[in-house]
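Inspection log for the structure reproduced underneath, given as structure tokens.
When a ligand or atom number is given, it counts from 1 through the structure's own listing order. Every heavy atom of this structure was used, including side-chain atoms; hydrogens, water molecules and symmetry mates were not.
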Amino acid sequence: MEKSIIVKNVTKKYVLFNSTKHRLLDLLTPKKYGEDFYALRDISFDVNRGDIIGFVGTNGSGKSTLSNIIGGIVPETSGHVEVNGSVALIAVASGLKGDLTGRENIELKCLMLGFTKKQIKAMENDIIDFSELGRFIDQPVKSYSSGMKSRLGFAISVTIDPDIMIIDEALSVGDAAFAQKSFEKMKEFKLQGKTMIFVSHSMGQIKDFCEKVLWLEYGTVREYGPTDEVLAHYQSFMDEFKKMSKHEKQMHKDKILKAYQGI
Ligand SMILES: Nc1ncnc2c1ncn2[C@@H]1O[C@H](COP(=O)(O)OP(=O)(O)OP(=O)(O)O)[C@@H](O)[C@H]1O
């Protein structure tokens, strides 16, 4: 089976500082002022061409960080990611420049992807139509609501027709009609055999759409396998997790992370 994405032992470390002063001192002096924080630890999994993978996990488990690394937006600290094909990441917070208008953002994004001016002109109307932004397309993106930004990002990505699409919570903002239209487009992509990663807190959407699920917990892979199996385990874990006290949650976290000490 041809591999679309191979993620091998990927770790992402951030250094957290208590203040800007500490950040500067850390840069300027040999002493370390920051505290290491691991958003991802030793993540390995691979995705076959045409797979539709859902990422699940509680807040802060590393779903967006992993999506951004696969999408080439954020570098990994160590490990290796191989992506075979063109990739588009659609996330509410990523990729659009606030000072530029929607139309200018379309041009910029497409130019960066290597399209010619002529090709961009030919795609522009399709993108604007899909986004349903109408005359707002000539307003600066910083004036858009999160739903509008998501619509523009989604419209660009589906029109440029990438081999691999990563959709990070982009359909959870904005209106249900647009989400439905986007789902129809994603189903078309699914039939064409494209590879997709879908990040969502909606169990219903993951169940409907994904064949496999990667469950992340505190930046580690808890489980990776068929949707029905992993979601059932995740659901019963969440039912228990919600009932845990703060102390029990901390104990659970310590237990998970113990296995990763030294990584
Ligand atoms: N630039 C950054 N600097 C420091 N820490 C960061 C940075 N980006 C993310 N993190 C931290 O990494 C962890 C993982 O964050 P991430 O956004 O990947 O989680 P998530 O599973 O997508 O969460 P959510 O479901 O809330 O969107 C979090 O604790 C977050 O605070």
Side-chain angles (χ1 to χ4, degrees), residues 5 7 9-27 32-45 47 53-79 81 83 87-96 146-147 149-150 153-154 165-174 179 196-207 209-210 212-224 230-231 233-235 237-239 241-242 244 246 249-250 252-254 256-257 260 263:
I5 303 167
V7 175
N9 307 113
V10 164
T11 289
K12 178 68 187 177
K13 182 178 89 173
Y14 288 110
V15 183
L16 306 180
F17 297 97
N18 288 332
S19 63
T20 313
K21 185 177 151 196
H22 280 175
R23 186 182 292 275
L24 281 173
L25 283 169
D26 190 81
L27 268 177
K32 289 281 152 236
Y33 284 85
E35 192 192 321
D36 288 349
F37 172 79
Y38 287 86
L40 297 175
R41 296 168 195 255
D42 200 31
I43 303 281
S44 295
F45 71 105
V47 177
I53 312 287
F55 284 0
V56 301
T58 50
N59 292 122
S61 55
K63 304 179 295 295
S64 296
T65 306
L66 185 57
S67 305
N68 284 334
I69 290 176
I70 297 170
I73 311 288
V74 165
E76 57 274 21
T77 306
S78 60
V81 178
V83 176
V87 54
L89 173 86
I90 310 162
V92 184
S94 98
L96 300 172
S146 53
K149 284 185 214 162
S150 168
F154 201 91
M165 257 175 96
I166 306 172
I167 302 135
D168 183 355
E169 289 284 352
L171 298 184
S172 59
V173 290
M196 277 183 271
I197 289 178
F198 187 59
V199 182
S200 179
H201 283 283
S202 157
M203 292 301 102
Q205 287 180 351
I206 298 263
K207 207 179 186 124
F209 196 62
C210 303
K212 279 190 203 163
V213 168
L214 179 81
W215 171 9
L216 290 173
E217 198 173 30
Y218 307 116
T220 70
V221 174
R222 170 86 183 250
E223 215 173 304
Y224 181 45
V230 180
L231 271 197
H233 297 160
Y234 179 60
Q235 194 69 63
F237 164 77
M238 286 305 284
D239 293 343
F241 187 74
K242 280 179 201 151
M244 284 184 201
K246 213 173 158 190
K249 281 183 182 161
Q250 186 60 44
H252 172 72
K253 182 175 176 178
D254 292 345
I256 300 279
L257 295 186
Y260 290 85
I263 287 175

Got a sec: does the NZ of K249 have more than 12 other heavy atoms crowding it under 6.0 Å? yes
Could you check whether any side-chain heavy atom of L216 comes within less than 4.5 Å of a side-chain heavy atom of V221, counting everything from C-beta outward? yes
Any side-chain to backbone donor/acceptor pair from T77 onto K13? Under 3.5 Å, distance only. yes
Per the under 4.0 Å non-hydrogen criterion, ligand 1 touches Y14, L16, F37, A39, T58, N59, G60, S61, G62, K63, S64, T65, H201
Does the plane of the ring in F237 sit parallel, tilted or perpendicular to the ring in W215? Use 30° and 60° as the thresholds. tilted
Name the one of S67, S61, C210, S64 that satisfies side chain to side chain contact (heavy atoms under 4.5 Å, CB included) with F55? S67
L27: which residues meet the side chain to side chain contact (heavy atoms under 4.5 Å, CB included) condition with it, sequence neighbours left out? none
